[in-house]
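One structure is given below, encoded as structure tokens.
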Amino acid sequence: MKVNIKVNGVAYERDVEPRTLLAYFLREGCGLTGTHVGCDTSSCGCCVVVLDDAAAVKSCTMFAVQADGHEILTVEGLANGGTLHPIQQAFWDQHGLQCGYCTPGMLLTAYAMLKHNAAPTEAEIREGLSGNLCRCTGYQNIVKAVEQAAQVMRQPAAAAR
């Protein structure tokens with residue numbers, strides 16, 4: 001099947017097998033290896049991408065054909081040139097990563113969460129990230145990073161992003 005998917009603002013038209021998972025379309029069809037595959041069962045959240053700038057979706061359980069005609073944001077699309085997105089900067093500032101394997105999914109889950117709730121409580125952040133597993137950090141610094149990003153993104157200059 002032929003699919004047309006806009007990824008990080010770039011249009012991709014590819015022939016795919018109907019059973020091709022979105023995660024593999026992004027990694028192999030688009031060369032965007034920031035989307036990680038950790039479990040293939042939707043348990044870990046390493047593969048999260050943002051669909052239509054609104055919803056965090058686990059790309060290991062979504063077919064590429066389901067994304068036909070839609071827009072996908074991957075971790076490669078967060079930064080603006082050489083400037084980190086406020087979420088990326090907050091993860092850096094708050095030491096919200098160790099090995100980094102879960103980080104793309106955490107960043108994009110936080111991005112989608114903050115689109116819907118600009119001022120989440122700590123409990124709401126923890127609930128929002130509950131579908132993402134991290135085997136290294138213990139989550140405290142990840143939560144602090146999302147709190148920092150939320151604060152920065154509420155400022156008028158950052159809100160445009």
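Just so you know, these numbers use all the heavy atoms, side chains as well, and skip hydrogens, waters and symmetry mates. Index from 1, following the sequence. Small disclaimer: the values here were computed from a predicted structure and weren't measured.
Shown here for Val3 and Ala64, the closest heavy-atom pair between the two residues is CG1-O, 4.1 Å. Counting all heavy atoms, side chain and backbone alike, Gly45 lies closest to Asn132 at O-ND2, 3.2 Å. Nearest heavy-atom pair across Ala150 and Ala118 is CB-O, 3.6 Å. Between Cys47 and Cys60, the shortest heavy-atom contact is SG-N, 3.3 Å. Looking at every heavy atom in both residues, Ala54 comes nearest to Ala112 through O-CB, 4.0 Å. Closest approach of Ala56 and Leu108 over heavy atoms only: CB-O, 4.4 Å.
Here the side chains of Phe91 and Leu107 are in contact, with some heavy-atom distance below 4.5 Å. In this structure the side chain of Asn117 reaches within 4.5 angstrom of the side chain of Glu124, judged on heavy atoms. Considering only heavy atoms from C-beta on, His36 comes within 4.5 Å of Arg27 through its side chain. Looking at Lys6 and Val10, their side chains never come closer than 4.5 Å, going by heavy atoms from C-beta outward. Residues Val49 and Val57 meet the side-chain proximity criterion, which asks for heavy atoms closer than 4.5 Å. Pro120 places a side-chain heavy atom less than 4.5 Å from the side chain of Leu114. Counting heavy atoms from C-beta outward, His85 and Met153 have side chains that approach closer than 4.5 Å. Residues Gln66 and Leu22 have side chains not in contact (no heavy-atom distance under 4.5 Å, counting atoms from C-beta outward).
A chain of hydrophobic side-chain contacts below 4.5 Å, direct or via other Ile, Leu, Val, Met, Phe, Trp or Tyr residues, connects Val48 to Val143. At a threshold of 4.5 Å between side-chain heavy atoms, the hydrophobic network of Ile, Leu, Val, Met, Phe, Trp and Tyr places Leu32 and Leu84 in two separate groups. Val75 and Tyr101 fall into different hydrophobic clusters, where Ile, Leu, Val, Met, Phe, Trp and Tyr residues are linked whenever their side-chain heavy atoms come under 4.5 Å apart, directly or through other members. When the side chains of ILVMFWY residues are joined at heavy-atom separations under 4.5 Å, either directly or via intervening members, Leu26 and Val37 end up in a single hydrophobic cluster.
Arg126 CZ: more than 12 foreign heavy atoms inside a 6.0 Å radius.
Within the model, atoms CD1 of Ile142 and SG of Cys136 stand 9.0 Å from one another, a figure rounded to the nearest 0.5 Å. With rounding to the nearest 0.5 angstrom, the CG atom of Asn8 is 8.0 Å from the CG atom of Leu78. Considering SG of Cys30 and OH of Tyr24, their distance stands at 15.0 Å, rounded to 0.5 Å. Distance check: Lys144 NZ to His95 NE2 gives 8.0 Å after rounding to the nearest 0.5 Å. Atom-to-atom distance recorded for Leu97:CG and Asn141:CG is 9.5 Å, nearest 0.5 angstrom. Residue Ile5 holds its CD1 atom at 9.5 Å from CG of Leu51, rounded to the nearest 0.5 Å.
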ask   = Under the side-chain contact (heavy atoms from CB on, under 4.5 Å) criterion, do Met106 and Leu129 qualify, and how do the steps go?
value = CA-CA 7 Å; Met106 291 283 189; Leu129 295 174; 4.2 Å; yes

request  = Check the pair Leu73 / Tyr111 against side-chain contact (heavy atoms from CB on, under 4.5 Å), numbers first and verdict last.
outcome  = CA-CA 10 Å; Leu73 175 69; Tyr111 176 90; 3.6 Å; yes

request  = Begin with the C-alpha distance, continue with both residues' side-chain angles, and end with the deciding distance and a verdict on side-chain contact (heavy atoms from CB on, under 4.5 Å) for Asp53 and Lys115.
outcome  = CA-CA 8 Å; Asp53 204 36; Lys115 283 277 192 181; 3.0 Å; yes

message = What verdict does the side-chain contact (heavy atoms from CB on, under 4.5 Å) test give for Arg14 and Lys2, after you've listed the backbone C-alpha separation in whole Å, the side-chain angles of each residue and the deciding distance to 0.1 Å?
response = CA-CA 6 Å; Arg14 302 281 190 270; Lys2 188 174 291 299; over 6 Å; no

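No donor-acceptor pair closer than 3.5 Å links the side chain of Gln94 to the backbone N or O of Gln148. Within the 3.5 Å criterion, the main-chain N or O of Glu71 finds a donor-acceptor partner in the side chain of Asp52. The main-chain N or O of Gly69 is never found under 3.5 Å from a side-chain atom of Asn4 such that the two would form a donor-acceptor pair. Under a 3.5 Å cut-off, the side chain of Thr20 and the backbone N or O of Val16 do not form any donor-acceptor pair. In this structure, Thr61 contributes its side chain and Ser42 its backbone to no donor-acceptor pair below 3.5 Å.
Classified by interplanar angle (parallel below 30°, tilted 30° to 60°, perpendicular above 60°), the ring pair Tyr12/Phe25 is perpendicular.
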